[in-house]
Amino acid sequence: SSPKRRIETDVMKMLMTDFDVKLVNDNMQEFHVLFHGPEETPFAGGVWRIHVELPDQYPYKSPSIGFMNKIFHPNIDELSGSVCLDVINQTWSPMYDMVNIFETFLPQLLRYPNPADPLNGEAAALLLREPKTYEHKVRDYVKRFATKELAEAAAAEDEEEEEEEEEEDDD
């Protein structure tokens with residue numbers, strides 16, 4: 001049961017960081033993390049709720065990571081929130097852990113988007129052709145979709161849904 005122990009270790013490490021981490025249905029393999037946009041980027045001030053699922057084969061298989069509130073970025077699918085990041089999709093290694101993802105990989109992804117490998121073609125094209133317009137649109141999305149209030153409201157909605165499900169289970 002080494003993957004199970006590793007999942008518990010990684011999740012405990014996340015819970016001990018400054019990140020706001022909420023387990024989904026008390027399950028160590030599924031949780032949400034509030035992620036703040038890196039300073040000195042157009043994403044600064046933004047707060048995203050990130051859905052994380054750890055596969056049973058974790059850490060040998062990479063986690064699934066998705067932005068739950070909208071973000072305008074070449075390497076993040078605007079509708080699904082899924083992330084195109086080599087280190088998660090192709091070059092994942094069991095040496096990495098969840099803290100690496102939130103402290104290093106995601107901030108780097110937001111700081112250095114890769115328009116050559118886009119999930120959001122519009123964002124990639126805009127970044128290449130009109131970087132100022134791209135930055136303006138990123139900031140607009142942050143204001144509209146990535147405020148701390150919106151992220152917290154989404155978290156509160158989830159908790160209400162969980163409570164409703166528990167009440168239905170009791171009936």
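The figures here come from the full heavy-atom set of this structure, side chains too, leaving out hydrogens, waters and symmetry mates.
The distance between the ring centers of Tyr96 and Phe105 falls below 6.0 angstrom. Aromatic ring centroids of Phe43 and His73 lie under 6.0 Å apart.
Within 6.0 Å of CD in Gln57 there are more than 12 heavy atoms belonging to other residues, nucleotides or ligands.
In this model, a donor atom of one side chain and an acceptor atom of the other lie less than 3.5 Å apart for Tyr141 and Glu78.
When all heavy atoms are compared, the tightest approach of Ser2 to Tyr60 is OG-OH, 4.1 Å. Contact detail for Pro55 and Ile7: the closest heavy-atom pair is O-CD1, 3.9 Å. The heavy-atom pair separating Val138 from Pro42 by the smallest distance is CG1-CB, 3.5 Å.
Judged by distance alone, with hydrogens and angles left aside, the side-chain atoms of Asn100 form a donor-acceptor pair with the main-chain N or O of Asp97 at under 3.5 Å. Here the side chain of Asn75 pairs a donor or acceptor atom with the backbone of Asp117 at under 3.5 angstrom. Side-chain atoms of Trp92 come within 3.5 Å of backbone atoms of Pro59 as a donor-acceptor pair (strictly under, hydrogens ignored). A donor-acceptor pair under 3.5 Å is absent between the side-chain atoms of Asn25 and the main chain of Asn27, judged by distance alone.
The distance from atom NE2 of His32 to atom CG of Asp20, rounded to the nearest 0.5 Å, is 11.5 Å.
Aromatic ring orientation, Phe67 versus Phe35: perpendicular (interplanar angle above 60°, classes split at 30° and 60°).
Phe72 has its side chain within reach of Tyr134: a pair of non-hydrogen atoms, C-beta onward, lies under 4.5 Å apart. Residues Ile71 and Leu110 meet the side-chain proximity criterion, which asks for heavy atoms closer than 4.5 Å.
Only one option out of Lys137, His136, Lys143, Arg144 pairs with Asp140 in a side-chain hydrogen bond (donor to acceptor under 3.5 Å, both in side chains); it is Arg144.
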